[in-house]
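Below is one structure, written out as structure tokens; the observations come after it.
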Amino acid sequence: MSKPFVFEKPAGMRDTLPAFYQKNEDIKNTIKTEMESWGYQFIQTPTLEYHDTVGEASAILDQQLFKLLDMEGKTLVLRPDMTAPIARVVSSSMKHVAYPLRLAYSSPVFRAQQREGGRPAEFEQVGIELIGEGTASAEAETLALMTEVIRKSGITSFTVAVGHIGFVQELLADILGNDSRAGELLRYLNEKNYVGYTSHVKQLPLSSIDTQRLLKLLDLRGGVEVLDEALALNPNSKGQQTLQELKTLYNLLEEYDAAQNIVFDFTLFSHMSYYTGIVFEGYAAGIGAPIASGGRYDDLLSQFDRKAPAIGFAIRMDYFIEALGNKGDNKNRQCILYTGKRRKEALQMAKSKRAEGALVVMQDLAGVKNVDEFSKRFDDVHYLIGSQQGEDFS
């Protein structure tokens with residue numbers, strides 16, 4: 001195996017340069033402040049977890065886990081998500097804290113990628129978990145907070161698509177009768193491969209009515225009116241109950257003034273196998289992947305011996321920053337270029353401008369080889385050159 005070049009990084013890993021890093025931190029602080037204002041408390045979990053606990057519960061494919069052995073031979077993983085580690089914490093260190101719990105996090109997660117995939121293997125998530133409440137109120141709060149976070153961060157054109165895992169599973173089970181036949185169609189939905197889904201449905205030995213029911217599922221995307229259309233596809237008692245719950249959720253979101261960005265999408269299906277009820281994804285204009293996603297997971301906590309309903313969402317920061325573009329980057333960056341004789345004056349100017357909120361770099365002119373190129377980094381440049389009585393271009 002050849003030795004990597006000195007400039008190479010492991011597949012999927014990225015360097016974060018100063019401009020992106022600062023913008024990421026600024027936006028992240030805005031998000032965290034909003035989450036805290038809703039009563040969510042931030043926690044931190046280890047980067048390394050046991051494979052037999054968090055690794056198996058995470059719902060991330062085993063081949064995407066970064067694995068290593070500790071000194072005792074136990075298999076560890078770099079955390080692939082934050083929901084499973086928080087479930088572990090709630091069931092151990094916080095097992096005596098009464099439900100419901102409102103927890104938040106801001107952490108990188110790690111998922112191995114094939115070299116040709118071109119996707120990041122490490123990315124940062126900021127999210128919340130509302131644990132111990134299985135009500136429509138909890139779902140409305142979660143979705144309302146997610147829309148408010150997006151809006152206050154500066155993204156004005158966005159949509160939150162809401163689906164329901166249980167409704168889709170119930171419909172497929174009713175028509176196909178077994179999990180293996182349903183699993184193939186669910187895989188197409190997860191991949192958003194609607195051409196493959198349609199082709200597969202037409203090849204199934206079904207009645208024309210059932211074939212049309214499965215194909216009609218792809219059309220169940222739009223406003224609250226699609227809930228009535230969905231009832232025609234799955235009119236049994238479970239289907240009716242699910243759709244009524246979604247109508248209740250929509251009414252609650254209207255009370256939060258958060259319904260205007262909501263669309264229902266019954267083709268929405270997540271690869272995260274622990275989701276049990278509603279699932280949702282946030283999309284921003286011009287970005288082809290979700291900037292935020294989440295859902296209800298009522299069975300995960302039972303794997304850690306503290307069963308409870310739960311719901312949460314995560315903001316994916318790299319896509320989120322991409323969606324913002326130049327928005328949110330309103331810091332005034334200034335530079336004071338000075339010669340040695342005017343250092344004290346430069347110090348006083350820098351102190352004054354920092355007190356006004358500017359980001360100020362002090363730079364001795366003797367240390368700059370190309371003043372023009374150096375100056376392009378800043379919004380304003382102040383020149384303190386020569387003696388105190390000399391020329392001043394500030």
Side-chain angles (χ1 to χ4, degrees), residues 59-64 111 114 116-117 119 139 143 159-247 249-250 261-283 287-299:
I60 302 299
L61 296 175
D62 196 66
Q63 60 264 34
Q64 284 193 281
R111 300 175 191 174
Q114 294 181 344
E116 62 271 19
R119 291 180 291 181
E139 295 172 354
L143 280 163
T159 300
V160 177
V162 179
H164 198 288
I165 295 285
F167 180 89
V168 177
Q169 290 175 327
E170 182 72 20
L171 174 64
L172 297 187
D174 180 58
I175 296 174
L176 301 176
N178 64 68
D179 292 340
S180 61
R181 296 173 72 186
E184 187 71 13
L185 290 180
L186 292 174
R187 181 175 64 82
Y188 284 122
L189 291 178
N190 179 43
E191 296 171 353
K192 293 180 170 52
N193 181 358
Y194 305 128
V195 173
Y197 175 95
T198 301
S199 177
H200 188 78
V201 166
K202 290 180 177 180
Q203 295 173 16
L204 293 172
L206 299 171
S207 69
S208 60
I209 293 177
D210 283 340
T211 297
Q212 287 305 310
R213 288 171 70 194
L214 290 177
L215 294 177
K216 183 64 176 177
L217 179 65
L218 299 183
D219 297 327
L220 292 182
R221 287 180 280 184
V224 68
E225 67 277 359
V226 304
L227 299 182
D228 292 327
E229 297 175 26
L231 184 59
L233 297 189
N234 191 6
N236 63 31
S237 58
K238 285 188 177 179
Q240 292 180 22
Q241 180 181 347
T242 297
L243 294 172
Q244 185 55 53
E245 290 171 355
L246 290 174
K247 287 182 179 179
L249 171 61
Y250 187 83
N261 297 101
I262 300 294
V263 297
F264 290 97
D265 184 354
F266 285 94
T267 69
L268 190 59
F269 200 87
S270 175
H271 69 282
M272 307 296 280
S273 59
Y274 48 58
Y275 286 140
T276 57
I278 68 164
V279 288
F280 45 90
E281 293 179 343
Y283 289 90
I287 307 298
I291 61 173
S293 61
R296 175 167 288 287
Y297 54 98
D298 288 349
D299 297 333

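When a residue number appears, it is its place in the shown sequence, counting from 1.
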Per-pair distances, 0.1 Å, donor-acceptor, side chain in residues 211-219, under 3.5 Å, sequence neighbours excluded:
{"from": "Thr211", "atom 1": "OG1", "to": "Ser207", "atom 2": "O", "distance (Å)": "3.0"}
{"from": "Arg213", "atom 1": "NE", "to": "Leu233", "atom 2": "O", "distance (Å)": "3.1"}
{"from": "Arg213", "atom 1": "NH1", "to": "Asp174", "atom 2": "OD2", "distance (Å)": "3.4"}
{"from": "Arg213", "atom 1": "NH1", "to": "Asp210", "atom 2": "OD1", "distance (Å)": "3.1"}
{"from": "Arg213", "atom 1": "NH2", "to": "Asp174", "atom 2": "OD2", "distance (Å)": "3.0"}
{"from": "Arg213", "atom 1": "NH2", "to": "Leu233", "atom 2": "O", "distance (Å)": "2.7"}

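- With sequence neighbours excluded, the residues that form a side chain to side chain contact (heavy atoms under 4.5 Å, CB included) with Ser293 are Glu281.
- At least one donor-acceptor pair closer than 3.5 Å links the side chain of Glu225 to the backbone N or O of Gly223.
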side-chain hydrogen bond (donor to acceptor under 3.5 Å, both in side chains), that's the test. Do Glu245 and Gln241 meet it? Break it down for me. CA-CA 6 Å; Glu245 290 171 355; Gln241 180 181 347; 3.2 Å; yes
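- Taking each heavy atom of Asp298 and Thr276 in turn, the nearest pair found is N-OG1, 3.1 Å.
- A donor-acceptor pair under 3.5 Å is absent between the side-chain atoms of Ser199 and the main chain of Val195, judged by distance alone.
- With contacts defined as side-chain heavy-atom distances shorter than 4.5 Å, the pair Phe269/Ile165 qualifies.
- Residue pairs meeting the ring-ring contact (aromatic ring centres under 6.0 Å, His included) criterion with at least one member in residues 212-235: none, sequence neighbours excluded.
- A pairwise comparison of heavy atoms in Leu268 and Ala161 identifies CD2-O, 3.5 Å as the closest pair.
- Annotation: salt bridge (Lys or Arg N to Asp or Glu O under 4.0 Å) contacts involving residues 227-244, sequence neighbours excluded, comprise Asp228-Lys247.
- With sequence neighbours excluded, the residues that form a ring pair (Phe, Tyr, Trp, His ring centres under 6.0 Å) with Tyr188 are His200.
- Inter-residue side-chain proximity for Val263 and Val162 is flagged as unmet; no heavy-atom pair is nearer than 4.5 Å.
- Looking only at side-chain heavy atoms (C-beta outward), Val168 and Thr267 stay at 4.5 Å or farther from each other.
- Evaluation of the ring pair (Phe, Tyr, Trp, His ring centres under 6.0 Å) rule for Tyr275 yields no partner, not counting sequence neighbours.
- Judged as a side-chain hydrogen bond (donor to acceptor under 3.5 Å, both in side chains), and not counting sequence neighbours, Gln63 has no contacts.
- Contacts of Phe280 classified as ring pair (Phe, Tyr, Trp, His ring centres under 6.0 Å), with partners at least two apart in sequence or in another chain: none.
- Shown here are the salt bridge (charged side-chain N to carboxylate O under 4.0 Å, His left out) partners of Arg221, two or more places apart in sequence or in another chain: there are none.
- Residues that satisfy the salt bridge (charged side-chain N to carboxylate O under 4.0 Å, His left out) test with Glu170, not counting sequence neighbours, are absent from this structure.
- Qualifying side chain to side chain contact (heavy atoms under 4.5 Å, CB included) partners for Ala230, counting only residues two or more places apart in sequence or in other chains: Phe167, Leu220, Leu243, Phe266.
- Scored by the ring pair (Phe, Tyr, Trp, His ring centres under 6.0 Å) test, Tyr197 finds no partners at all (sequence neighbours excluded).
- At a threshold of 4.5 Å between non-hydrogen side-chain atoms, the residues Leu206 and Ile175 count as touching.
- Heavy-atom contacts from other residues, nucleotides or ligands closer than 6.0 Å to NZ of Lys202 number 12 or fewer.
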